[in-house]
J.: 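Would you mind keeping the following structure in view while I ask a few things?
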There are 2 protein chains.
Amino acid sequence: MPNNQFKRGELYSVINGMASTAVARRLQKNFRQSGLEITIEQWSVLYHLWKEDCLSQQELCNRTFRDKPSITRLIDNLEKQKLVKRTASKTDRRINLVCLTDAAKEMQQVTIDIANQTMNEALVGVIKEDIETVKKVFQQVFDNLI
Amino acid sequence: MPNNQFKRGELYSVINGMASTAVARRLQKNFRQSGLEITIEQWSVLYHLWKEDCLSQQELCNRTFRDKPSITRLIDNLEKQKLVKRTASKTDRRINLVCLTDAAKEMQQVTIDIANQTMNEALVGVIKEDIETVKKVFQQVFDNLI
DNA sequence: TGAAATTAGTTGCATAACTAACTATATGCC
DNA sequence: GGCATATAGTTAGTTATGCAACTAATTTCA
């Protein structure tokens with residue numbers, strides 16, 4: 001078998017993130033077509049703030065799986081777009097609490113609808129059981145590497 | 001149910017590419033620890049050239065799922081590092097054939113060993129059957145969105 | 001109490017992504 | 001042949017990522 005060293009090859013698509021990239025691109029496209037001027041990365045930050053507002057930047061790092069500089073700059077851009085506001089914590093002066101503006105709160109429902117619709121497009125022909133398996137495997141991979 | 005609009009929430013980790021990001025980071029770290037000075041993006045280009053050398057940039061776009069500017073710059077950097085060389089096609093003067101240097105050929109085995117080892121680390125505790133399911137779902141998602 | 005270690009956040013640098021606009025070559029078709 | 005169209009690749013601008021080094025505030029503990 002001449003290509004023995006590539007026997008795992010199909011799995012490198014996981015490394016390249018081809019499936020998640022495809023989903024992300026489609027979501028970005030769907031946002032754009034609805035006239036929403038946010039990136040998927042910004043959206044993923046807003047997503048966690050909609051679940052729980054006024055998180056510290058560190059907490060956003062943990063929840064979005066990004067490092068601190070990435071969050072610093074995402075928050076910079078979100079602040080420029082008036083979607084969030086940094087507020088100094090009263091109990092710990094090192095901490096910035098990142099809070100949603102009214103404009104961001106208004107975006108919640110429509111963007112989540114678009115995200116759900118995008119996931120539906122992505123998952124056509126995929127049975128629920130297999131989705132559960134993917135979630136399980138992802139969690140295991142995540143736990144193995146973190 | 002107050003959080004109804006988030007019912008699909010767990011799946012947004014697919015959009016965020018958390019699992020593939022974790023694998024990619026680990027692979028990058030393993031490369032670095034072996035003294036290999038390449039990025040995973042560069043590696044993914046080399047990977048396709050090891051399978052078939054002297055591909056056009058457009059073909060590399062298709063196989064690595066990147067757009068043309070991304071490939072232009074990846075090839076720029078790989079050329080600076082003397083790992084590939086652009087060669088004009090003799091039959092179509094628009095086309096650059098991207099060919100491996102000897103230095104790149106020598107990197108094949110060790111980097112693929114590291115990638116396989118990284119996948120093994122990532123997949124500890126995951127059964128073969130579930131891996132097949134993930135591959136199947138990814139392929140379906142990909143086909144749905146491309 | 002006060003020095004050392006930890007934690008939160010920022011900045012600088014290199015690489016990479018997407019979009020849009022561009023050049024150059026090739027192909028199709030009248 | 002020659003114009004319209006398509007294809008291959010590059011460039012410019014904005015956003016994002018990872019790492020390392022940095023400041024400022026807090027906690028630990030001798």
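A, B, ... follow the sequence lines: proteins, then strands. Residue 1 opens every chain. Here the structure is a predicted model, which is why all the values come from computation and not from measurement.
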J.: Atom CG in Asp113(A), atom CG in Asn30(A): separation rounded to 0.5 Å?
T.: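 Output value for this atom pair is 12.0 Å.
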J.: To the closest 0.5 Å, what do you measure between CD (Glu121(A)) and CG (Leu123(A))?
T.: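 Result: 10.5 Å between the selected atoms.
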J.: In whole Å, what is the span from the CD1 atom of Ile95(B) to the C1' atom of dT27(C)?
T.: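 In whole Å, dT27(C) C1' and Ile95(B) CD1 are 13 Å from each other.
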J.: Quick one: are Asp67(A) and Ser70(A) in side-chain contact, heavy atoms under 4.5 Å?
T.: yes
J.: Provide the start and end nucleotides, 5' to 3', of the part of DNA chain D that has atoms under 4.0 Å from heavy atoms of chain A.
T.: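 The footprint of chain A covers dT15(D) to dT26(D).
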J.: Output yes when Arg86(B) and Asp76(B) qualify as a salt bridge under the 4.0 Å nitrogen-oxygen rule, no when they do not.
T.: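 So Arg86(B) pairs with Asp76(B) through a salt bridge.
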J.: Reading nucleotides 15-25 of chain C 5' to 3', which nucleotides get B (base under 4.0 Å from a protein heavy atom), which S (sugar-phosphate only), which -?
T.: SSSBBB----B
J.: What is the minimum heavy-atom distance between Leu97(B) and Ser56(B), and which atoms define it?
T.: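 Here Leu97(B) and Ser56(B) meet closest at CD2-N, 4.0 Å.
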J.: Find the distance between CH2 (Trp43(A)) and OH (Tyr47(A)) and round it off to the nearest 0.5 Å.
T.: 6.0 Å
J.: Any Lys/Arg nitrogen of Glu52(B) or Arg63(B) sitting under 4.0 Å from an Asp/Glu carboxylate oxygen of the other?
T.: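 Counted as a salt bridge, because a side-chain N and a carboxylate O are separated by less than 4.0 Å.
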J.: Kindly work out whether a path of hydrophobic side-chain contacts (I/L/V/M/F/W/Y, heavy atoms less than 4.5 Å apart) joins Ile127(A) to Phe138(A).
T.: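 Unlinked, Ile127(A) and Phe138(A) end up in two clusters.
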J.: Where along residues 55-62 of chain A does a heavy atom come under 4.0 Å from DNA chain C, residue by residue in number order?
T.: Ser56(A), Gln57(A), Gln58(A)
J.: Indicate whether the side chain of Gln81(B) and that of Asn77(B) have a donor and an acceptor atom separated by less than 3.5 Å.
T.: no
J.: Which atom pair, heavy atoms only, marks the closest approach of Asp53(A) to Leu100(A)?
T.: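 So the minimum-distance heavy-atom pair works out to OD1-N, 2.9 Å.
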